[in-house]
Amino acid sequence: MKEYNFREIEKKWHQNWVANQTYKVTEDENRKKFYVLNMFPYPSGAGLHVGHPLGYIASDIYARYKRLQGYNVLNPMGYDAYGLPAEQHAIKTGQHPEISTFANIDHYREQLDKIGFSFDWNREVRTCTPDYYHWTQWAFQKMFGSFFCNKHQKAMPIEVLKEHFEKEGTGDWDVACTEEMSFTAEEWNSWDARKQSDVLMNYRLAFLGETMVNWCPQLGTVLANDEVVNGVSERGGYPVEQKKMRQWCLRVSAYSQRLLDGLDTIDWSDSIKETQKNWIGRSEGTEVLIHVAESDVNFTIFTTRADTMFGVTFFVLAPESELVNQVTTPEQRAEVDEYVKYVKSRTERERMIDHTVTGVFSGAYGINPITGDKCPIYISEYVLAGYGTGAIMAVPAHDSRDYAFAKHFNLPIIPLVEGADVSEESYDAKEGIVTNSPVSEEKSMKYDGEALCLNGLTIKEAIQETKRFVSEHHLGRVKVNYRLRDAIFSRQRYWGEPFPVYYKNGIPTMIPEECLPVELPEVEKFLPTETGEPPLGNAQIWAWDEAARKIVDKSLIDEKNVFPIELYTMPGFAGSSAYYLRYMDPRNTEALLSEKAAAYWQNVDLYVGGSEHATGHLIYSRFWNKFLFDLGVSKKEEPFQKLINQGMIQGWSSFVYRIKGTQQYVSFDLLETRYDDAAKKNRYFYQGMEADPIYTDISTVRNGNQLDVEKFRAWMPEFQEAEVVLNPEGHYIVSQAIEKMSKSKYNVVNPDDICERYGADTLRLYEMFLGPIEQSKPWDVAGIDGCFRFLKKFWGLYWGKDDQLQVSDTEATADNLKSLHKLIKKVSADIEDFSYNTSIPAFMVATSELAQQKCTSRQILEPLAVLIAPFCPHIAEELWEAMGHTTSVCDAQWPVFNEKYLVESTVKVGVQFSGKVRFTMEFAADATPQQMIDQVMAAAESQRYLEGKNVVKTIAVPGRIVNIVVK
RNA sequence: GCCCCGAUGGUGGAAUCGGUAGACACGAGGGACUUAAAAUCCCUUGGCCAUAGCGGCCGUACGGGUUCGAGUCCCGUUCAGGGCACCA
């Protein structure tokens with residue numbers, strides 16, 4: 001048999017694909033399009049590990065499959081090239097981040113090329129190149145120039161709103177905004193340009209806002225909500241504090257309802273949809289206006305439990321709320337100020353962990369409009385300024401947080417639900433019958449002669465009734481709130497897209513569209529300036545000359561028509577929010593993409609990437625695309641029709657144990673483990689001395705868990721002098737843990753080594769074989785030999801003893817056809833469902849069947865090569881060529897499944913009595929159930945199973961089981 | 001606390017509509033070939049009992065239910081993973 005020389009084969013076909021531009025794709029009106037996309041990678045210095053290609057392989061298989069089915073498949077790849085690591089590298093070494101980024105990209109490309117992807121590299125994009133970020137800046141400018149009409153749920157040009165203001169003031173137009181405003185046309189027209197600009201900021205989709213931001217002092221930048229995890233920064237794990245700052249923001253919240261509704265139209269996993277639903281956090285409730293007693297101050301509270309208005313015993317304001325100053329009485333002023341100061345001193349993280357009750361009385365009372373009761377107004381950090389109105393009505397009987405507060409401050413608790421016992425805890429459930437609302441008017445306010453009474457209603461009915469009452473009598477209104485916040489869109493960093501904005505006499509002004517892109521300026525240092533400006537403050541050539549329409553030296557700023565340019569840069573998600581559109585027409589210099597390309601490619605049919613982007617990229621992209629859809633640029637409301645989230649491939653981390661303060665390393669099985677309750681972790685001891693676990697590189701481990709001491713010593717200078725304490729068998733045993741693959745954990749397996757040893761086709765096959773794509777699983781090389789062996793067997797099907805191809809024109813046998821068509825059916829269905837892991841065993845079975853049948857028929861072996869082509873393109877090409885084809889197997893046709901080859905003349909079924917299969921029988925495939933029953937009865941009688949028993953019922957399920965019930 | 005997803009051998013995992021659970025692979029054990037190793041090939045491998053051979057019982061986290069028949073459907077419980085989290 002001819003040797004399976006994967007190195008030669010893979011090298012040959014890689015060159016061939018490049019030379020023939022096999023994967024170049026162009027719009028073709030005569031063919032149906034299919035758009036497959038991977039989340040593009042951030043090119044890190046560590047290069048690819050075996051986890052990265054998992055999704056790429058999965059989508060490549062699908063892309064190749066669709067192409068074989070005759071679709072015109074777009075399968076592009078590019079780089080999310082802006083990012084913090086490159087910037088930090090630049091700060092450390094002084095090397096421009098572009099240099100390290102491009103070097104990393106080259107390394108990625110080299111690694112990717114080895115795996116045999118069908119990417120069209122002609123369409124590569126990099127978010128950090130001016131021809132790309134031109135369109136990021138352009139989209140930002142469009143958002144700046146737009147507002148969102150709540151009635152039509154659509155973005156519109158800001159000029160429309162301006163005109164409206166000029167003619168009618170705010171009027172009753174329901175428009176997405178930061179703060180509700182009300183002014184007349186006269187007022188608007190009387191304002192100067194500066195004031196008008198400020199007011200418009202309240203409505204623009206990209207706006208400068210004075211908002212509470214997540215400030216990370218260590219990183220020296222603000223972070224978006226999804227970049228803060230458990231109160232610390234996602235990157236680096238540094239503390240984050242709340243700070244009021246003027247920042248660029250995107251009004252993502254305007255699209256809340258559309259982002260929610262869109263989820264029903266797309267084919268994503270339930271868990272990711274659920275995550276997004278939680279993140280958007282739609283909550284239907286009621287806003288009620290509360291008067292502050294003995295003053296003319298009013299405030300609005302938001303509640304989802306309008307039915308509990310009769311149980312209100314106090315109100316609470318968020319400490320950051322502007323109302324705090326307005327309501328606080330002089331006597332309480334000092335105490336309140338001190339409390340507000342205390343709250344400010346607490347970090348986000350402290351507030352998240354520590355839920356002890358704190359608060360202070362403001363001295364004021366609010367009037368419950370339903371009962372007329374005067375209730376004290378408190379200030380407490382458990383009410384958040386950023387959600388709802390920053391003020392709540394407290395119903396301690398039916399809300400556990402209010403309950404804790406009431407107990408702490410000794411406030412009354414009034415239960416409102418039949419049978420609810422609130423002596424120990426609150427009754428939070430939304431089930432039950434409402435009671436305790438006054439029957440007569442004694443404690444109830446009448447409006448237009450009507451008083452609210454909820455007794456006897458279910459809670460749900462009571463909510464509806466209260467909503468009606470409140471709206472009809474103008475005490476408040478029905479309101480939908482969303483948890484989704486506007487995205488903070490500026491960062492105090494160097495390595496990002498510069499804003500195409502200059503400040504003309506303090507008014508943020510867009511650099512004309514024709515002058516884009518505004519290129520990232522050169523700086524000497526990548527750190528913030530000494531005066532605390534962001535790194536772009538170091539740029540000398542960074543001022544806008546309005547007359548000359550170009551960027552000029554900063555020193556000219558005081559001259560006529562020269563103004564400073566924005567020093568902030570855009571965040572990471574800016575460049576990754578619309579890259580899928582750019583791939584459709586990546587070299588267009590006139591537009592983000594042409595009308596023609598947009599109309600042809602529409603949107604992404606299949607998107608593959610990690611689920612960690614659920615509340616970041618996948619929300620921002622949907623928002624961005626919806627905006628571009630409103631503009632008519634994108635042709636589909638949703639960017640990604642189907643989403644597959646590949647799981648993580650974890651690595652096996654290995655640990656050696658070093659006795660504290662020595663160079664002695666003790667084998668794991670000799671250690672005594674003690675659990676330290678205080679530190680909540682294990683500690684290890686050897687002869688009374690404590691030993692610390694230290695990561696060791698997986699390359700220093702052999703036979704599963706034994707340390708190769710020589711390799712270990714050679715690995716790092718630190719370990720050169722290591723003395724080891726071996727176990728009685730003379731081995732050093734390491735301990736192991738399954739963790740995320742990471743350079744710092746020394747558990748990274750890189751695909752190059754696997755390619756070198758087994759070839760790309762084996763790697764591709766094996767990564768798919770590891771388990772369902774959507775699941776996380778540890779990398780375990782154990783099974784890879786099996787995949788490699790299979791490929792050798794598969795190869796062997798095609799070659800005779802004397803290295804000659806043994807494909808002949810002999811007619812295929814029925815068995816051959818059956819094996820083939822079973823496989824076609826299975827593999828086609830599996831690819832459609834992304835359960836590739838189950839088609840690999842099917843391939844193995846078919847291969848051994850055909851080998852046993854000594855099948856040499858071209859009729860079988862040709863389609864077989866096509867079937868494996870999506871999985872293992874190199875071997876498929878080689879065999880395809882060997883069989884005399886001059887075109888690529890990529891342009892072959894996916895074999896058509898034909899049921900007729902699988903139809904059996906007879907069918908084997910098990911015969912079952914009282915729940916047990918007793919014997920099997922063969923029937924003609926077209927036997928009717930009655931015929932089968934008759935035969936079974938005859939057979940059963942002859943086998944004496946039915947002796948002395950009465951048959952009460954017979955059931956036949958053709959093809960599987962014949963079941964007879966006896967008594 | 002709320003929401004989502006899941007639980008099948010030593011391991012990864014198969015099992016379409018409810019129809020003979022454990023495909024396929026890994027690992028493990030045994031054997032063949034070989035001076036030896038690698039490679040390759042063959043046999044065994046859910047548990048218990050029986051074993052010359054036939055065979056029998058129990059088994060899909062646990063407890064119920066529906067059904068002639070449940071890994072699959074329904075109800076409850078436990079455990080593990082993920083998301084959100086003073087969101088009113």
Side-chain angles (χ1 to χ4, degrees), chain A residues 230 269-283 285-286 301-306 308 315-316 318 351-358 380-395 398-402 404-405 428 481-485 611-612 614-615 645 647 704 766 769-772 774-787 789-790 792-793 825-826 829-830 833 835 837-846 848 908-920 952-966:
Chain A
N230 290 328
S269 75
D270 289 343
S271 67
I272 260 227
K273 284 188 183 179
E274 197 58 35
T275 300
Q276 290 211 343
K277 273 183 200 164
N278 281 340
W279 190 258
I280 296 166
R282 182 190 154 100
S283 146
T286 314
I301 57 96
F302 175 76
T303 180
T304 53
R305 290 294 301 275
T308 59
F315 295 98
V316 190
R351 279 178 78 165
M352 276 175 76
I353 294 169
D354 176 20
H355 283 185
T356 47
V357 176
T358 66
S380 174
E381 60 181 336
Y382 86 88
V383 174
L384 305 177
Y387 183 76
T389 58
I392 63 153
M393 62 178 209
V395 186
H398 301 291
D399 183 289
S400 48
R401 296 154 302 180
D402 298 345
F405 195 86
D428 290 16
N481 261 331
Y482 300 91
R483 209 185 63 92
L484 184 68
R485 309 293 166 82
S611 57
E612 66 271 21
T615 55
N645 296 116
Y766 181 59
F769 185 51
L770 223 43
E774 309 218 55
Q775 202 176 299
S776 287
K777 55 240 159 187
W779 177 260
D780 175 10
V781 282
I784 203 163
D785 288 305
C787 288
R789 237 175 283 156
F790 156 71
K792 281 201 280 192
K793 280 187 206 162
K825 187 181 180 188
K826 175 76 180 149
D830 281 348
D833 299 346
S835 36
N837 56 324
T838 64
S839 27
I840 291 156
F843 268 113
M844 295 181 181
V845 170
S848 50
K908 240 189 195 165
V909 303
V911 179
Q912 187 169 326
F913 296 96
S914 1
K916 288 272 177 293
V917 172
R918 305 292 173 170
F919 56 94
T920 59
V952 293
K953 198 169 162 193
T954 58
I955 295 163
V957 183
R960 285 292 185 181
I961 294 284
V962 176
N963 203 309
I964 297 172
V965 184
V966 293

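All chains are named by letter (A, B, ...) in the order of the sequence lines, taking the proteins before the strands, and each is independently numbered beginning at 1.
The nearest whole Å value for the distance from the CZ atom in A:Arg305 to the P atom in B:A88 is 11 Å. The separation between A:Lys273 atom NZ and B:G83 atom P is 20 Å, rounded to whole Å. For the pair A:Tyr766 OH and B:C26 P, the computed distance is 10 Å after rounding to whole Å. Straight-line distance from the CG atom of A:Asp428 to the P atom of B:C2: 10 Å, rounded to whole Å. What separates CG of A:Leu484 from C1' of B:C84 is a distance of 13 Å, to the nearest Å. B:A15 atom P lies 13 Å from atom NZ of A:Lys825, rounded to whole Å. In this structure, A:Asn645 atom CG and B:G6 atom P are separated by 15 Å, rounded to whole Å.
For B:A25, the OP1/OP2 oxygens have no side-chain nitrogen or oxygen of A:Arg789 closer than 4.0 Å. Dashed line: the shortest gap from a side-chain N or O of A:Ser283 to OP1 or OP2 of B:A88 is under 4.0 Å. Remark: A:Asn837 is in phosphate contact with B:A14, judged by side-chain N or O atoms under 4.0 Å from OP1 or OP2. OP1 or OP2 of B:A85 sits under 4.0 Å from a side-chain N or O of A:Arg483. Taking only side-chain nitrogens and oxygens, A:Tyr387 comes nearer than 4.0 Å to OP1 or OP2 of B:A88.
Nucleotides of RNA chain B nearest to A:Thr303 and A:Leu770 differ in position, and the one nearer the 5' end is that of A:Leu770.
For the pair A:Asp830 and A:Lys826, the salt-bridge criterion is met [side-chain N within less than 4.0 Å of a carboxylate O].
With rounding to the nearest 0.5 angstrom, the CD1 atom of A:Ile301 is 8.5 Å from the CD1 atom of A:Ile392.
With a glycosidic angle further than 90° from 0, B:G71 counts as anti. With its glycosidic angle more than 90° from 0, B:C5 is assigned anti.
Here the closest non-hydrogen pair linking A:Asn481 and A:Gly388 is ND2-CA, 3.4 Å.
A 3.5 Å limit on both hydrogen-bonding distances identifies no Watson-Crick or G-U partner for B:A21. Figure legend. B:C57 is base-paired to B:G47; pairs are counted as Watson-Crick or G-U wobble with both atom distances under 3.5 Å. Across every strand in view, B:A36 sits unpaired, with no contact that passes the Watson-Crick or G-U test at under 3.5 angstrom. Summarising the base pairing, B:A15 is matched to no nucleotide, lacking a Watson-Crick or G-U wobble pair whose two defining distances lie under 3.5 Å.
Across all strands, A:Phe790 comes closer than 4.0 Å to no nucleic acid atom at all (heavy-atom distances).
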Task: side chain to side chain contact (heavy atoms under 4.5 Å, CB included) between A:Asp402 and A:Tyr382, intermediate numbers included - done: CA-CA 9 Å; A:Asp402 298 345; A:Tyr382 86 88; 2.6 Å; yes

TODO: With side chain to side chain contact (heavy atoms under 4.5 Å, CB included) as the test, would you mind laying out the steps for A:Leu770 and A:Trp779 before giving the verdict?
DONE: CA-CA 8 Å; A:Leu770 223 43; A:Trp779 177 260; 3.8 Å; yes

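The P atoms of B:G46 and B:C73 are separated by 26 Å, rounded to the nearest whole Å. Comparing the same atom, C1', in B:G53 and in B:C5 gives a spacing of 49 Å after rounding to whole Å. Comparing the P positions of B:G56 and B:G64 gives an interatomic distance of 26 Å, to the nearest angstrom.
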